[in-house]
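Structure first, commentary second.
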Number of protein chains: 2
Amino acid sequence: MANKVQPIERCDCDVIHEDIVKQVKKKMPQEETLYDLAELFKVFGDSTRIKILWALDEAEMCVCDIAFLLNMTQSAVSHQLRVLKQADLVKNRRAGKIVFYSLDDEHVKQIFNQGLTHILELREDQ
Amino acid sequence: MANKVQPIERCDCDVIHEDIVKQVKKKMPQEETLYDLAELFKVFGDSTRIKILWALDEAEMCVCDIAFLLNMTQSAVSHQLRVLKQADLVKNRRAGKIVFYSLDDEHVKQIFNQGLTHILELREDQ
DNA sequence: TGAACACATGAACAATTATTCATTTATTTA
DNA sequence: TAAATAAATGAATAATTGTTCATGTGTTCA
């Protein structure tokens, strides 16, 4: 994600639409917010993590259970749980040797549902 | 994303929680749906695309305008618009030399807002 | 018709990332 | 205390991805 800032040569087209561009620029949220938003969706953008989140929405589970449920290694699941935790989407509690994970956000299901709506509409259209 | 299917050795822990795992498995959406969901969020998981989507939610714009607004090359923007189009998130219309892009989904803003809610809550907590 | 413009596209490259494997840490229990 | 279990972690690797650069395509207009 090389983000070299570089002056852009405006084409004639821009001169015509200058007003619109200015207005849009004003209305856009600040850079950092948009970046954070992308980072959040990036976390949702992996099917393993989507599965984990969906599972945890159904029930609190330990790492080992999740691994069995998804037919993955304990290590792979653990790595992904770390990503989810850093994004404040899941939390955990220790009970002896076992660590139980659960959702730490009420919007997860709502975000899922919005996404699902989009997908299902597309399927209907075909 | 190597997805080699591989038998997982269950640990003792699983035997105990077997019922929960079975129940969760039943309730989960089918594999393909979860995969599609991840693919959709993957599209949202890039700040350039987030910016483009946000901009297009404010106004229909041509490629060149977007490039200027985001201070990016026309090529980079064009590549990303292609990704957004393939995900059925934007559509375009041609007006002579100029191609205008606009949103092709009513849920985009709602998905954004759910994500924003999460982010803003985290900021408050710190 | 041909030059100019707006956009699309393909290849290449650098950066990121998901999983695996080996190892370590924390806890229980024999 | 030593062995066993559940989970976390670091390094390595393969795969994916965003941007750049060069070039191709479609449209306008002189």
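Naming convention: chains lettered A, B, ... in sequence-line order (proteins, then strands); numbering from 1 in each chain.
The distance between atom CZ of R93(B) and atom P of dG26(D), rounded to the nearest whole Å, is 20 Å. Between D65(A) atom CG and dA6(D) atom C1' there is a gap of 11 Å when expressed in whole angstrom units. Going from atom CG of L84(A) over to atom C1' of dT17(C) covers 14 Å, rounded to whole Å. Atom CD in E39(A) sits roughly 13 Å away from atom C1' in dA15(C) (whole-Å rounding). Protein atom CZ of F41(B) is 18 Å distant from nucleotide atom P of dT17(C), rounded to whole Å. Rounded to an integer number of Å, the gap from F100(B) CZ to dC5(C) P is 17 Å. A straight line from NZ of K97(A) to P of dA4(D) spans 12 Å, rounded to a whole angstrom. Whole-Å rounding puts the M72(A) CE to dA6(D) C1' distance at 17 Å.
Applying the ring-ring contact (aromatic ring centres under 6.0 Å, His included) test to pairs two or more places apart or on separate chains, those with a residue in residues 42-67 of chain B are F41(A)-F44(B), F44(B)-F112(B), W54(B)-F112(B). Contacts classified as side-chain hydrogen bond (donor to acceptor under 3.5 Å, both in side chains) and involving residues 55-66 of chain B (residues at least two apart or in different chains) are given here: H17(A)-D65(B), D57(B)-K109(B), E60(B)-R93(B).
The side chain of C13(A) has dA6(C) as its nearest neighbour among dT19(C), dA6(C), dT19(D). Minimum atom distance to the side chain of I98(B) is reached by dA6(C), of the listed dA6(D), dA6(C), dT19(C).
Here L34(B) contributes atom CG and L53(A) contributes atom CG; the two are 10.5 Å apart, rounded to the nearest 0.5 Å.
Side-chain atoms of H118(A) never come within 3.5 Å of backbone atoms of L37(B) as a donor-acceptor pair (strictly under, hydrogens ignored).
Of the residues near DNA chain C, D12(A) and A76(B), the one whose nearest nucleotide (by heavy atom distance) lies more toward the 5' end is D12(A).
When hydrophobic side chains of Ile, Leu, Val, Met, Phe, Trp and Tyr are connected at separations under 4.5 Å, F100(A) ends up clustered with I98(A).
V99(B) meets the side chain to side chain contact (heavy atoms under 4.5 Å, CB included) test with N92(B), R94(B), Y101(B); sequence neighbours excluded. D36(A) meets the side chain to side chain contact (heavy atoms under 4.5 Å, CB included) test with E32(A), I119(B), R123(B); sequence neighbours excluded.
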Protein-nucleic acid N or O pairs under 3.5 Å, nucleotides 8-13 of chain D:
unit_1: dA8(D); atom_1: OP1; unit_2: Y101(A); atom_2: OH; d: 2.5
unit_1: dA8(D); atom_1: OP2; unit_2: S78(A); atom_2: OG; d: 2.7
unit_1: dA8(D); atom_1: N7; unit_2: Q74(A); atom_2: NE2; d: 2.9
unit_1: dT9(D); atom_1: O4; unit_2: S75(A); atom_2: OG; d: 2.8
unit_1: dG10(D); atom_1: O6; unit_2: H79(A); atom_2: NE2; d: 2.9

